[in-house]
**Student:** 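The structure's right below; bear with me while I get my questions together.
Chain naming here is simple, since letters A, B, ... match the order of the sequence lines and numbering starts at 1 in each.
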Number of protein chains: 2
Amino acid sequence: MAEQRIPRATAKRLPIYYRYLNILLDADKTRVSSTELSEAVKVDSATIRRDFSYFGALGKRGYGYDVPKLIEFFKKILNQDQLTNVALVGVGNLGHALLNFNFHQNSNVRISAAFDVNDNIVNTVQSGVPIYPLSEMGKQLRDQQIAIAIITVPENTAQEVTDELAKADVRGILNFTPRRLSVPDTIRVQNVDLTNELQTLIYFIDNYGELLGGNEKSQD
Amino acid sequence: MAEQRIPRATAKRLPIYYRYLNILLDADKTRVSSTELSEAVKVDSATIRRDFSYFGALGKRGYGYDVPKLIEFFKKILNQDQLTNVALVGVGNLGHALLNFNFHQNSNVRISAAFDVNDNIVNTVQSGVPIYPLSEMGKQLRDQQIAIAIITVPENTAQEVTDELAKADVRGILNFTPRRLSVPDTIRVQNVDLTNELQTLIYFIDNYGELLGGNEKSQD
DNA sequence: TTGCCGTTGTGATTAAGCTAACAAGGCCGC
DNA sequence: GCGGCCTTGTTAGCTTAATCACAACGGCAA
Ligand SMILES: NC(=O)c1ccc[n+]([C@@H]2O[C@H](COP(=O)([O-])OP(=O)(O)OC[C@H]3O[C@@H](n4cnc5c(N)ncnc54)[C@H](O)[C@@H]3O)[C@@H](O)[C@H]2O)c1
Ligand SMILES: NC(=O)c1ccc[n+]([C@@H]2O[C@H](COP(=O)([O-])OP(=O)(O)OC[C@H]3O[C@@H](n4cnc5c(N)ncnc54)[C@H](O)[C@@H]3O)[C@@H](O)[C@H]2O)c1
């Protein structure tokens with residue numbers, strides 16, 4: 001009962017497990033072993049067992065894990081039992097794609113407000129989400145109790161937008177711009193740097209090429 | 001001269017350094033210290049010095065690093081001195097956004113071919129990039145010598161698309177679907193799981209909340 | 001009830017990465 | 001040309017994470 005801290009690496013895998021467990025349930029599978037899970041999510045089976053064990057003894061020896069039980073458990077852990085509203089700042093190329101998608105499929109998250117400076121789209125509704133002018137951001141975030149924002153604005157306005165978000169007491173930012181943001185330490189930033197991902201992939205291929213086969217892992 | 005292997009973690013940071021160095025050069029700064037870089041890219045200065053040192057002694061003690069020299073160096077390392085063509089499979093929400101953006105800004109990568117099954121867009125040109133039917137994928141990839149593909153198709157077709165890419169001898173895949181792909185070990189997969197990123201961010205905020213301040217880092 | 005089989009949960013080990021700290025060494029003012 | 005100062009390059013220790021390997025234990029069949 002030490003209520004010990006879940007390792008960061010484990011936390012990042014939880015949504016992956018959760019998602020696949022739901023797929024299993026949809027296929028009426030109520031039982032799964034760490035080995036089987038391992039194959040599907042490409043995570044070593046020992047790592048999976050260790051991850052699960054941080055939450056206590058969830059499985060049965062000689063049997064495996066009970067899928068519905070795991071789902072119920074992770075649903076709470078991941079706050080998927082309640083809807084989380086997030087904001088989107090910058091409705092351009094990428095912003096539009098995210099708005100349209102809106103994380104509907106078995107994820108209990110949705111974009112409930114968007115913000116932009118472009119007068120052509122401000123005060124319209126896109127994919128069911130209202131787009132407000134920047135000037136209303138603070139008010140809306142507070143009124144709607146939104147604690148998380150997605151930033152898809154041009155790079156050079158990213159920091160100023162961030163500063164505004166900080167004023168509105170946002171707690172987390174998913175940052176799609178290549179800028180590394182300065183934030184007070186009450187805010188957690190998750191960077192998604194697509195150009196970087198692609199360049200890194202190219203680097204690995206050009207430089208680690210032939211050595212890839214054999215014992216080395218190829219994912220992530 | 002041991003030509004030693006660059007650690008994976010270092011490799012992932014190289015594009016970040018490269019990008020910021022170019023910003024410095026644009027601002028006519030020809031000299032930079034690890035401390036200054038550290039502030040901008042949010043990486044510990046000791047880590048930066050260590051990263052650079054894998055490539056030899058690039059800096060001068062008591063002075064710092066010469067920006068143009070570093071840029072020239074990293075440009076070669078990152079293969080940014082030549083254009084890399086990549087393919088895009090699945091021109092939907094996300095695919096469109098990527099096509100429009102197309103990594104133009106100071107990155108020497110571009111999408112030169114796209115593929116889809118939707119007859120309404122096949123054989124058209126979007127943002128200057130031709131969209132081919134899936135049936136031509138093998139031929140086009142080979143003809144254009146494309147070794148890298150971005151997958152933005154619906155989840156349930158991801159694996160079959162991957163199998164086709166494998167047949168066309170692709171070397172790397174940037175996978176935006178939540179499926180974990182099975183690939184031969186000649187192919188490197190980089191997963192970009194946006195729903196996962198968002199859920200993980202939510203998890204961290206809800207569970208590591210108050211402990212975030214102080215010594216803990218908040219990025220990535 | 002008993003005993004075998006399969007799978008978990010976990011100690012031990014190995015690997016990878018981060019960061020504090022500082023000596024070495026070059027820059028720059030005088 | 002010299003000395004203080006600044007910043008690198010790197011050693012060492014620490015932290016986190018992955019993986020191996022197996023004893024413990026519940027299911028299940030007879
Ligand atoms: N689109 C991609 O595929 C892609 C790939 C990699 C990185 N990125 C990054 O993602 C970010 C967005 O890219 P994009 O292609 O969607 O850009 P975009 O130019 O299409 O969209 C930016 C949107 O932000 C709005 N905006 C500008 N200033 C604003 C402000 N101060 N407050 C609120 N909104 C503001 C603009 O009106 C526009 O609608 C950029 O930083 C880009 O570097 C995009
Ligand atoms: N859009 C987002 O914001 C977002 C967020 C998170 C994850 N994703 C993931 O990214 C992927 C794409 O999302 P999207 O919103 O762009 O989907 P989308 O449905 O808008 O686009 C999918 C495109 O793929 C094409 N397609 C279907 N089957 C194909 C096949 N076999 N070969 C080639 N093309 C095919 C379709 O015609 C369509 O144009 C999905 O797997 C989704 O889960 C998207």
**Student:** With sequence neighbours excluded, what pairs up with A/Glu155 under the salt bridge (charged side-chain N to carboxylate O under 4.0 Å, His left out) test?
**Tutor:** A/Arg179, B/Arg19
**Student:** From A/Leu181 CG over to A/Asn191 CG, what is the distance, rounded to the nearest 0.5 angstrom?
**Tutor:** 6.5 Å
**Student:** In whole Å, I'd like the distance from the NZ atom of A/Lys12 to the P atom of D/dA18.
**Tutor:** 10 Å
**Student:** Does the structure place the NZ or CZ of A/Arg8 under 6.0 Å from the centre of the six-membered ring of B/Phe204, at an angle of no more than 45° from the ring's axis?
**Tutor:** yes
**Student:** May I ask you to decide whether A/Asp44 forms a salt bridge with A/Arg50, counting only side-chain N to carboxylate O separations under 4.0 Å?
**Tutor:** no
**Student:** OP1 or OP2 of C/dG6 less than 4.0 angstrom from a side-chain nitrogen or oxygen of A/Tyr65, does that happen here?
**Tutor:** no
**Student:** Does anything in residues 13-24 of chain B come within less than 4.0 Å of DNA chain D? Heavy atoms only, and list the residues if so.
**Tutor:** none
**Student:** Starting at the 5' end of DNA chain C, which residue's closest nucleotide do you reach first, B/Arg31 or B/Val43?
**Tutor:** B/Val43
**Student:** What parts of residues 32-41 of chain B reach DNA chain D, counting only heavy atoms under 4.0 Å away?
**Tutor:** B/Ser33, B/Ser34
**Student:** So, using ring-ring contact (aromatic ring centres under 6.0 Å, His included) as the criterion, who are the partners of B/Phe103 when residues are at least two apart?
**Tutor:** B/Phe101
**Student:** Of the nucleotides C/dG17, D/dG9, D/dA18, which has the atom closest to the B/Ala9 side chain?
**Tutor:** C/dG17
**Student:** In whole Å, I'd like the distance from the OH atom of B/Tyr54 to the P atom of D/dT10.
**Tutor:** 11 Å
**Student:** Can you tell which of C/dG17, C/dG9, D/dG9 lies closest to the side chain of B/Ser53?
**Tutor:** D/dG9
**Student:** Could you tell me the separation between the CZ atom of B/Phe55 and the P atom of D/dT8, rounded to a whole number of Å?
**Tutor:** 17 Å
**Student:** For nucleotides 23-26 of chain D, give me every protein contact, N/O to N/O, under 3.5 Å, one pair per line with atom names.
**Tutor:**
{"residue": "D/dA24", "atom": "N3", "partner": "A/Arg61", "partner atom": "NH1", "Å": "2.7"}

**Student:** With side chains defined as the heavy atoms from C-beta onward, is the minimum distance between A/Ile71 and A/Leu25 less than 4.5 Å?
**Tutor:** yes
**Student:** With a 4.5 Å heavy-atom cut-off, do B/Asn196 and B/Pro178 have their side chains touching?
**Tutor:** no
**Student:** Can you list everything that forms a ring-ring contact (aromatic ring centres under 6.0 Å, His included) with A/Tyr17? Sequence neighbours excluded, please.
**Tutor:** A/Phe52
**Student:** Sequence neighbours excluded, which residues qualify as salt bridge (charged side-chain N to carboxylate O under 4.0 Å, His left out) partners of A/Arg13?
**Tutor:** A/Asp51
**Student:** Going through the distances and angles, do A/Ser112 and A/Gln144 end up as a side-chain hydrogen bond (donor to acceptor under 3.5 Å, both in side chains)?
**Tutor:** CA-CA 9 Å; A/Ser112 63; A/Gln144 300 192 38; 3.2 Å; yes
**Student:** If you take any heavy atom closer than 4.0 Å to DNA chain C, which residues from residues 45-52 of chain B end up in contact?
**Tutor:** B/Thr47, B/Arg49, B/Arg50
**Student:** How would you list, by chain and number, every residue that makes a ring-ring contact (aromatic ring centres under 6.0 Å, His included) with B/Tyr18, sequence neighbours excluded?
**Tutor:** none
**Student:** Check salt bridge (charged side-chain N to carboxylate O under 4.0 Å, His left out) between B/Lys12 and all other residues, then give those that pass, not counting sequence neighbours.
**Tutor:** none
**Student:** Rounding to an integer number of Å, can you tell me how far B/Ile6 CD1 sits from C/dA16 C1'?
**Tutor:** 15 Å
**Student:** Over how many whole Å does the gap from A/Asp44 atom CG to C/dA15 atom C1' extend?
**Tutor:** 14 Å
**Student:** Give every residue pair that meets the salt bridge (charged side-chain N to carboxylate O under 4.0 Å, His left out) criterion with at least one member in residues 57-72 of chain B, sequence neighbours excluded.
**Tutor:** B/Glu72-B/Lys75
**Student:** By ring-ring contact (aromatic ring centres under 6.0 Å, His included), which residues pair with A/Tyr20, not counting sequence neighbours?
**Tutor:** none
